[in-house]
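Values below: every heavy atom of this structure, side chains too, minus hydrogens, waters and symmetry copies. Start at 1 with the first residue, then count along the sequence.
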Amino acid sequence: MAQRPTSFSKPFIPDVTRLFEFRNNTMSPAYASNGSVDSRTLSYENSDLNEITRRQMLEDINAYRYDLDFCRTQLNAPELLTPQESRTLQIRVLDCSHNIRHCQHRIELLDAQARNAARSAAQSAALGYRPSQQHRASTGTGTPGSMSGVKRQRFIKPADSDDDETADAVAASLMNLEGAGTSSVQRLGFWKCRLCTSQKYLDAGANRVPSMPCKWPLKDVSKMLNHFLDMHIEHSPQERCEELGAALAHNRGPFEYWLTRTRAQELDDTSIIDEFVNTLQSGALPEALRGLNRAAGAFPNTVSGTKR
């Protein structure tokens, strides 16, 4: 076993008080005799966690630097060290250097967070001040301002009114079923079933399907398909396909949404939508639709939900 070399030089004795940076080399009153924090000295005034963390990081850096100096001092006298001790001190030098770098990075992050918080607070204060200027301008005490400060008059509806019915009635009055329709790719469209108001449906009797005319417009393409392909069996399959073709022609955007999003079909060419619509308007059902919809797979039918 290797023996420790003998030397008469004065050894380097670590000074533990160098690990704490307090005035006159004395511990702060906040610390007890064993180095722990004295709970009696804690107060709510020093509750900034970022400030506390930053101070602790600086103290750690000073302690690591003292540890680093100690290790380097020992390594400067290799005749006093065994090979194992030299290797341990060299590893400790690397460890202290990594810890110092880590603390410096933490301090940079804390400073950046403090700057961002101050910048956000300044921007919020600036944004919060502008509406008050507009409000004063709109009250007539200054120059005329924007109408953002004027309170809008609320519309009080009757207690027995129906929101959906009112909205659909307004939409129906504004929608021109003979126009271009909805071409934007979106989930919902608009169509008022004309078969529900036809004389053939009104004369069908109690066994007609649907039992009552549609109270709401058809908005979802799946509901359009189910409505015309599964119901209205008082009409011929050709008439039902023609009405479905007219509905999809008026809602090309929602039809494309249903194919590409709802049914996850990859369309290399959107002209296939025109082919579907043209086939339906000619009175026939495109075979490609049978695998995409339950009602289309059972069409034509003489009883709702039952394939003929």
Requested in this report: Begin with the C-alpha distance, continue with both residues' side-chain angles, and end with the deciding distance and a verdict on side chain to side chain contact (heavy atoms under 4.5 Å, CB included) for Arg294 and Asn226.
Outcome: CA-CA 8 Å; Arg294 177 200 57 81; Asn226 295 334; 4.2 Å; yes
Single-linkage hydrophobic cluster, 4.5 Å side-chain cutoff, [X] and [Y] together:
X: Leu58; Y: Ile100; result: yes
X: Phe276; Y: Leu248; result: yes
X: Met224; Y: Leu292; result: yes
X: Val221; Y: Val277; result: yes

Least distance between heavy atoms, [X] atom then [Y] atom:
X: Leu229; Y: Arg240; answer: O-NH2, 2.8 Å
X: Ile61; Y: Ile107; answer: CD1-CD1, 3.9 Å
X: Cys196; Y: Pro210; answer: SG-CG, 4.4 Å
X: Cys241; Y: Ala284; answer: SG-C, 3.8 Å

Is there a side-chain contact between [X] and [Y], using heavy atoms and a 4.5 Å cut-off?
X: Gln113; Y: Leu110; answer: yes
X: Gln56; Y: Cys103; answer: no
X: Leu195; Y: Met231; answer: no
X: Trp258; Y: Leu225; answer: yes
X: Ser282; Y: Glu242; answer: no
X: Ser97; Y: Leu68; answer: yes
X: Leu81; Y: Leu75; answer: yes

Nearest 0.5 Å, please: how far is [atom2] in [Y] from [atom1] in [X]?
X: Cys71; Y: Asn76; atom1: SG; atom2: CG; result: 11.0 Å
X: Phe255; Y: Leu244; atom1: CZ; atom2: CG; result: 7.5 Å
X: Cys96; Y: Tyr66; atom1: SG; atom2: OH; result: 12.0 Å
X: Leu109; Y: His105; atom1: CG; atom2: NE2; result: 8.5 Å
X: Leu280; Y: Leu289; atom1: CG; atom2: CG; result: 6.0 Å
X: Leu267; Y: Glu256; atom1: CG; atom2: CD; result: 6.5 Å

Could you check whether [Y] and [X], counting side-chain N and O atoms only, form a donor-acceptor pair closer than 3.5 Å?
X: Asn62; Y: Arg65; answer: no
X: Gln238; Y: Ser236; answer: no
X: Trp191; Y: Glu243; answer: yes

Requested in this report: Apply the test salt bridge (charged side-chain N to carboxylate O under 4.0 Å, His left out) to residues Arg208 and Asp203: give CA-CA distance (whole Å), side-chain angles for both, the deciding distance (0.1 Å), then the verdict.
Outcome: CA-CA 9 Å; Arg208 62 190 182 187; Asp203 296 339; over 6 Å; no
Report summary line: Across all chains, not counting sequence neighbours, the side chain to side chain contact (heavy atoms under 4.5 Å, CB included) partners of Ala117 are none
Query raised in the report: Glu234: what forms a side chain to side chain contact (heavy atoms under 4.5 Å, CB included) with it, not counting sequence neighbours?
Result: Lys200, Tyr201, Ala204, His232
Requested in this report: In sequence, state the C-alpha distance, the side-chain angles, and the governing distance for Asp230 and Phe299, and then conclude on side chain to side chain contact (heavy atoms under 4.5 Å, CB included).
Outcome: CA-CA 7 Å; Asp230 192 33; Phe299 185 83; over 6 Å; no
Query raised in the report: With distance as the sole test, does Asn293 use its side chain to make a donor-acceptor pair with the main-chain N or O of Ala296 at under 3.5 Å?
Result: yes
Query raised in the report: With no hydrogens and no angle check, is any side-chain donor or acceptor of Asp67 less than 3.5 Å from a backbone partner on Ala63?
Result: no
Requested in this report: Report the C-alpha separation of Glu85 and Thr82 in whole Å, then their side-chain angles, then the decisive distance to 0.1 Å, and conclude whether the side chain to side chain contact (heavy atoms under 4.5 Å, CB included) test is met.
Outcome: CA-CA 5 Å; Glu85 290 174 338; Thr82 63; 3.2 Å; yes
Requested in this report: Might you work through the side chain to side chain contact (heavy atoms under 4.5 Å, CB included) test for Phe228 and Cys193, ending with a clear yes or no?
Outcome: CA-CA 9 Å; Phe228 295 112; Cys193 177; 3.5 Å; yes
Query raised in the report: What residue pairs, at least two apart or across chains, pass salt bridge (Lys or Arg N to Asp or Glu O under 4.0 Å) with a residue in residues 258-287?
Result: Arg252-Asp274, Glu287-Arg290
Query raised in the report: Is it true that Glu59 and Arg55 make a salt bridge, defined as a side-chain N closer than 4.0 Å to a carboxylate O?
Result: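 Salt bridge flag = yes for Arg55 with Glu59.
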